[in-house]
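Inspection log for the structure reproduced underneath, given as structure tokens.
The chains referred to below are lettered A, B, ... by the order of the sequence lines, with proteins before strands, and numbering in each begins at 1.
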Protein chains: 2
Amino acid sequence: MKFGIRKQRNHLGGCRLQSGPGSLILESGAEAATPSFSDDGKNTIASQLVSRLREAIISGQLEAGSKINLDRAKQSFNVSLSPLREALARLISDGLVEFEDNRGYRVSPVSLSNLEEITSLREEFETYALRESMRVGDVEWEGNVMRALHRLNRAERDASKPETLEQWEAVHREFHLTLISGCRRPLLLNFCKTMLNLNDRYRRTFLTRTSGDRNVSVEHSEIAQGTVARDMDYACDRLREHIHRTGTNLRRHLAEKGIA
Amino acid sequence: MKFGIRKQRNHLGGCRLQSGPGSLILESGAEAATPSFSDDGKNTIASQLVSRLREAIISGQLEAGSKINLDRAKQSFNVSLSPLREALARLISDGLVEFEDNRGYRVSPVSLSNLEEITSLREEFETYALRESMRVGDVEWEGNVMRALHRLNRAERDASKPETLEQWEAVHREFHLTLISGCRRPLLLNFCKTMLNLNDRYRRTFLTRTSGDRNVSVEHSEIAQGTVARDMDYACDRLREHIHRTGTNLRRHLAEKGIA
DNA sequence: GCTTGACAAATAATCGATGATTTTTCAAAA
DNA sequence: TTTTGAAAAATCATCGATTATTTGTCAAGC
């Protein structure tokens, strides 16, 4: 007996979860597009908060390293303490939030060494997962890869339009996750997803546009083509280069901003 | 102004956090041995609960796949709902607990495919971390490895005495973590630690003693010797075999118990 | 001026109660 | 007998208030 939009008769009246002044208004347009599926796993306030907080951190709206004041966060997200704490606790696993007893939560700081670890772990883990996917992935997975590539190529990335940036980020993330989704290893996929999140935070914070000497579309296409052709070495080498180049670019931008 | 045992004047009177009938009494003797260091990171009830719940799950006291009834857990751990929920939320990251909106928390189930994934991921990434450790690890790390090996060799593993089993588990875990602790990659170490936890749950649940055709002490010694000698291929091969053998044994025991 | 320690303010952590959802029960209808 | 659906019970989720800890302030002592 679950269909359509949930009743959600909580204490907040109609204007539930509206956000603070000017910022943090998230994912309110997207879910209107698919109204009958809007309740997959985001029924509770705590779960909604996990998504909203994650997005706020990855997008850079919540500054890296900054302390998360519970009272203020409570107000700007218009929620009460219990779901907020629970959501933050879950975000620790993502590496996006840190916690210390009696000192509360803070947004994980960024650093050069952290970025370098993320990059090298992505190189290792994502190519491993890609290889496994090519080994055991089925035809449906291949189709998903091609579809994800197509969507990515169609999505334009115009820095002047924030909504296209959001959209590009979503399909880009989806592309990388689809590539490795054939491997049938939930724990590995979960870890790769976490690393991708962390990486995206750096990209969205420090990289407004790609470096001139890259054609990222071609890189994506080569990876995808090699993948569906099951050319393991070729696909993995392209993917590794792709990850490595982004890491190098990011490292330069961090250095420019004086981040150690 | 933090020394010695914390005041901890909470509402529970003297008999705080005592557990339910007959089971789940954990880590009460150990902390008396090191009274002046008992408060590293476990001040709050929620954080204490994380440790206690993790240990209860890994040791098998909380049955795999079973639902965690919040009311009952609240009572048997003698805590209130807020820290309990927060602790469980944090444990999701460890892969020890699963969660579903409005259906609550449950202990992650065990399965053959889960075990196989854990084993193969350990083979890949523990050897990767070991190689990195040998590449960049310093002398202090080498010393730590030899000390961990020594402690492991000294610890006896008598199935008839549960407290020695606990002790052996602790030093065994410490040995494996120390091996890779030289790599200077917190995210990688964290992942390996998680996999080790998951693996230990299988071992402690399904393997009361090691198979007769193994000399685990020798295996550990070979790994450690190869490691401090920085013989990368040798050490990694020994470690991989070690992990693989345990995986094979476990798989057999799971099959015997009819677990798919 | 610098340190120290008590006090106050800010913040984090916990609790008990209440609201919301899921699960169970059970009688009526098919 | 099986199915259905409403009511009851059990359980989960959230809230507001209370308690505990940390941080900030500032005057007294050195």
Side-chain angles (χ1 to χ4, degrees), chain A residues 1-17 39-53 66-92 97-107, chain B residues 1-17 39-53 66-92 97-107:
Chain A
M1 191 150 292
K2 43 160 54 181
F3 54 89
I5 297 162
R6 187 156 288 265
K7 276 163 251 168
Q8 192 82 19
R9 38 184 135 90
N10 57 20
H11 317 283
L12 302 173
C15 60
R16 68 183 213 270
L17 288 183
D39 65 349
D40 22 43
K42 298 190 179 182
N43 290 306
T44 63
I45 297 179
S47 294
Q48 292 172 359
L49 271 177
V50 170
S51 303
R52 296 179 63 191
L53 283 164
S66 67
K67 190 152 176 9
I68 298 174
N69 181 299
L70 293 174
D71 268 331
R72 278 194 285 274
K74 212 174 68 160
Q75 298 204 335
S76 61
F77 286 94
N78 198 19
V79 296
S80 134
L81 208 57
S82 320
L84 178 60
R85 288 189 70 95
E86 193 165 335
L88 287 168
R90 283 192 227 164
L91 281 174
I92 297 175
V97 157
E98 295 182 350
F99 172 80
E100 197 179 353
D101 272 352
N102 287 319
R103 301 239 176 113
Y105 294 88
R106 70 170 53 245
V107 182
Chain B
M1 187 153 287
K2 42 160 52 183
F3 55 89
I5 296 164
R6 184 156 289 263
K7 276 163 250 169
Q8 191 83 23
R9 39 184 135 91
N10 57 22
H11 317 281
L12 302 172
C15 60
R16 68 182 212 272
L17 288 182
D39 66 348
D40 20 45
K42 300 191 178 183
N43 291 307
T44 63
I45 297 179
S47 293
Q48 293 172 358
L49 271 177
V50 170
S51 303
R52 295 178 64 193
L53 283 164
S66 68
K67 187 153 178 8
I68 298 174
N69 182 298
L70 292 174
D71 270 327
R72 278 195 286 274
K74 212 175 66 160
Q75 298 205 334
S76 59
F77 286 94
N78 198 20
V79 295
S80 133
L81 208 56
S82 320
L84 179 60
R85 289 189 69 96
E86 193 165 335
L88 287 168
R90 285 192 226 164
L91 281 173
I92 297 176
V97 158
E98 297 182 350
F99 171 80
E100 196 178 356
D101 271 352
N102 288 317
R103 302 240 175 113
Y105 295 88
R106 69 170 54 246
V107 182

[X] [atom1] to [N] [atom2]: how many Å, rounded?
| X | N | atom1 | atom2 | answer |
| --- | --- | --- | --- | --- |
| A:K74 | D:dT14 | NZ | P | 15 Å |
| B:Q48 | D:dA20 | CD | P | 15 Å |
| B:F77 | C:dC15 | CZ | P | 14 Å |
| A:E86 | C:dC15 | CD | P | 16 Å |
| A:N43 | D:dT14 | CG | P | 10 Å |
| B:R90 | C:dA13 | CZ | C1' | 11 Å |
| A:I45 | C:dG19 | CD1 | P | 14 Å |

Q) If you take all heavy atoms of B:A89 and A:A89, which pair is closest and at what distance? A) CB-CB, 3.8 Å
Q. If only atom types and distance count, is the side chain of B:N43 paired as donor or acceptor with the main-chain N or O of A:D101 below 3.5 Å?
A. no
(Q) For residues 80-89 of chain B, which residue pairs pass the salt bridge (charged side-chain N to carboxylate O under 4.0 Å, His left out) check, not counting sequence neighbours? (A) A:R85-B:E86, A:E86-B:R85, B:E86-B:R90
Q | Validation row: A:L84, A:L53 side chains within 4.5 angstrom (heavy atoms) | A | yes
Q) What residues, two or more places apart in sequence or in another chain, satisfy salt bridge (Lys or Arg N to Asp or Glu O under 4.0 Å) together with B:K74? A) B:D71
Q.
So if I apply the side chain to side chain contact (heavy atoms under 4.5 Å, CB included) rule between A:V50 and each of A:L91, A:T44, A:I45, which one comes out positive?
A. A:L91
Each nucleotide N or O in nucleotides 9-12 of chain D that has a protein N or O under 3.5 Å away: list the pair and distance.
{"residue": "D:dT11", "atom": "OP1", "partner": "B:N69", "partner atom": "ND2", "Å": "3.3"}
{"residue": "D:dT11", "atom": "O5'", "partner": "B:N69", "partner atom": "ND2", "Å": "3.3"}
{"residue": "D:dC12", "atom": "OP1", "partner": "B:K67", "partner atom": "NZ", "Å": "2.5"}
{"residue": "D:dC12", "atom": "OP2", "partner": "B:L70", "partner atom": "N", "Å": "3.1"}

(Q) Tell me whether the side-chain N/O atoms of B:S80 come closer than 4.0 Å to OP1 or OP2 in C:dC15. (A) yes
